[in-house]
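Please read the structure below before turning to the comments.
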Amino acid sequence: MQEIKHFINGQFVSSESGRTFDDVNPANGEVIARVHEAGREEVDQAVAAANAAMNGPWGTMAVAERMKLLQKVADGVMARFDEFVEAECLDTGKPKSLASHIDIPRGAANFQVFADLVKNIPTESFQMDTPDGLGAHNYAVRKPRGVIAVVAPWNLPLLLMTWKVGPALACGNTVVVKPSEETPHTATLLAEVMNEAGIPEGVYNVVHGFGPDSAGEFLTRHPDINGITFTGESKTGTAIMKAASECLVPVSFELGGKNAAVVFADADIDKAIEGTMRSVFANCGQVCLGTERVYVERPLFDEFVKRLKEGAESLRMGWWQDENVNFGPVISQAHRQKVLSYYEVARKDGANIVTGGGVPEMPANLSEGAWVEPTIWTGLGEDSAVVQEEIFGPCCHIAPFDSEEEVISLVNDTPYGLAAAVWTENLSRAHRVAPKLEVGLCWVNSWFLRDLRTPFGGSKQSGIGREGGVHGLEFYSELSNICIKL
Ligand SMILES: NC(=O)C1=CN([C@@H]2O[C@H](COP(=O)(O)OP(=O)(O)OC[C@H]3O[C@@H](n4cnc5c(N)ncnc54)[C@H](O)[C@@H]3O)[C@@H](O)[C@H]2O)C=CC1
Ligand SMILES: O=C(O)/C=C/C=C(\O)C(=O)O
């Protein structure tokens, strides 16, 4: 059985306590590895190593040298592409096609893009008048914050972890990563790549474990960290913010959502169906940007429901290596229970189950997996928990609407504000509607089309701060103003 250890100061280390937990493949329920669970000792060691590295060669390294190393990390991920794909697919059950098109290439790009960016971003400068007529000159310098705690989720493990580690390292920080307990593999494989690339010891550290009373809490409460970046559930964000408040540590949060798609009657229906198929069912619905509420203008409603149903029923479930498979399991049996509990609520609330709503028949080799059916409902009231709460499963509710004003108000009637997709061929309408939606990200006639230079994050309970491009650099660096009196 494979053992997954912590990575501290450039070395793979076991837990002093000897405690381990199982890493389970959700497609068939098999235990694929034993993972060491960090106690306070390992978290202390990892934070100490990360602090020491700030005072080592990393802390004084020329930017150009740092960028070369990060490019080597990106190349190192691509050089071991198949291993990363396999590790990600075994941990999550997701199809190979998804991991090899999205997770792993994005994992590599997250190092490359921020390495390029940091070299090219200027800081501001102001000349000012002074009473003596000589003036003064102000300019800002960017410095690393120090040790960044990275708490990552399980849905896009390498992609979301490197989306934080890439800019953090590019800005000259060091990191201690706490991957999700469900998906410990790729953060550990990345540690090997860091060593191969020549990243100095202590710059990238990984501690494994759970959240409360485990590695996640020990790390986010640690007095010697200088920033926390987290992606996951909004309630976890609240717990982490409380921890961060004790030492006034800055946070960057990307949290949950209850994202809507709005399909106007003038939309290109083929494109809207293709995009909504991805936004509802990609990664088995476990994408924070995914759509769980679809609003369709009444004249198109029946056709849209019929075609999305056909799409959902054509999804092919199965083992990640099968080239035909495009739909995997959810992450765990516990998450499956959560998703199925919403399927039950939908039934009790009187939903019309257009398709799915239960557990699929799987072949014997996958019968112990965490499978759920892709599901579409209509007919629920807006107050149903199914329409209000984040399910994070392969499902959506579709409702008709009659006017722009009505649909804007429906989309905004949620405590979340992460993402939306608007489908229309009317350019004026697109410009009119998109800014009125209370979200951090709005796609028009697409979904999850990502330019890594753009601001990324949520409003309301979906997040705090923006990452991406220069916006990420604001969090991962400390700006100091230097004022020189002439
Ligand atoms: N990208 C997103 O928006 C994601 C949203 N979710 C949502 O969250 C729900 C629960 O999934 P979980 O994996 O349990 O998400 P979670 O938010 O509990 O876990 C995410 C990460 O935070 C850590 N963590 C949990 N509690 C912590 C604490 N008190 N202090 C420090 N670290 C802590 C976990 O160990 C994991 O690494 C899902 O059903 C889904 O609704 C989950 C994963 C990603
Ligand atoms: O493209 C990204 O940077 C992120 C995409 C997805 C998520 O953030 C998520 O599912 O949590």
Side-chain angles (χ1 to χ4, degrees), residues 21 35 37-38 43 92 102-103 105-107 109-110 113-114 149-164 166-167 176-184 187 206-222 225 228-244 251 253-259 279 282-290 292 330-332 334-339 341-342 389-393 416 418-419 440-441 443 447-458 461-463 466-469 471-472:
F21 59 94
V35 190
E37 183 185 352
V43 173
T92 60
I102 304 265
D103 300 66
R106 249 304 289 286
N110 286 337
V113 164
F114 289 101
V150 175
V151 182
W154 43 257
N155 55 332
L156 302 165
L158 184 75
L159 186 159
L160 288 172
M161 187 261 288
T162 52
W163 174 239
K164 299 168 181 309
V176 179
V177 176
K178 211 300 279 172
S180 168
E181 53 274 32
E182 308 285 359
T183 52
V206 182
V207 287
H208 293 289
F210 301 85
D213 202 26
S214 182
E217 185 175 343
F218 302 151
L219 178 60
T220 51
R221 282 193 184 279
H222 204 287
I225 56 168
I228 302 173
T229 172
F230 165 71
T231 298
E233 199 183 11
S234 298
K235 274 193 209 127
T236 312
T238 305
I240 293 180
M241 202 162 177
K242 280 187 189 152
V251 297
F253 284 170
E254 205 258 282
L255 307 173
K258 189 69 183 176
N259 310 307
S279 73
N283 205 32
C284 203
Q286 303 165 118
V287 182
C288 68
L289 310 165
E292 291 191 355
V330 294
I331 190 67
S332 63
H335 191 53
R336 182 195 199 212
Q337 281 319 310
K338 175 182 164 181
V339 173
S341 74
Y342 281 100
E389 296 172 14
E390 181 179 56
I391 302 173
F392 224 60
Y416 293 110
L418 187 53
L441 301 147
W443 279 282
W447 176 77
F448 208 158
L449 183 57
R450 296 278 287 113
D451 180 328
L452 306 188
R453 296 167 298 182
T454 59
F456 181 93
Q461 289 180 22
S462 288
R466 294 289 180 273
E467 298 193 0
H471 314 282

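Counting starts at 1 for both ligands and their atoms, in listed order. Throughout, residue positions are numbered sequentially from 1 according to the sequence presented.
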Amino acids contacting ligand 2, non-hydrogen cut-off under 4.0 Å: R106, N155, L156, L159, L160, W163, T231, E254, V287, C288, L289, F448, R450, F456
Plane angle bin for W163 and F456 - parallel if under 30°, tilted between 30 and 60°, otherwise perpendicular: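 Judged by the thresholds at 30° and 60°, the geometry between F456 and W163 is perpendicular.
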Just verifying a value: how many Å separate [X] [atom1] and [Y] [atom2], rounded to the nearest 0.5 Å?
| X | Y | atom1 | atom2 | result |
| --- | --- | --- | --- | --- |
| R221 | I240 | CZ | CD1 | 10.5 Å |
| F230 | K178 | CZ | NZ | 9.5 Å |
| D103 | N283 | CG | CG | 6.5 Å |
| N259 | E292 | CG | CD | 7.5 Å |

Donor on one side chain, acceptor on other, S332 and Q337, under 3.5 Å: no
Heavy-atom donor-acceptor pair, H471 side chain to G457 backbone, under 3.5 Å: no
Main-chain N/O of A419 paired with W443 side-chain donor or acceptor, under 3.5 Å: no
Amino acids contacting ligand 1, non-hydrogen cut-off under 4.0 Å: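 Contacts of ligand 1 under 4.0 Å: V151, A152, P153, W154, N155, K178, P179, S180, E181, F210, G211, P212, G216, E217, T220, F230, T231, G232, E233, T236, A239, I240, L255, C288, H335, K338, E390, F392.
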Nearest heavy-atom neighbours spanning V207 and A215: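 For V207 and A215, the tightest heavy-atom pair comes out as CG2-CB, 4.4 Å.
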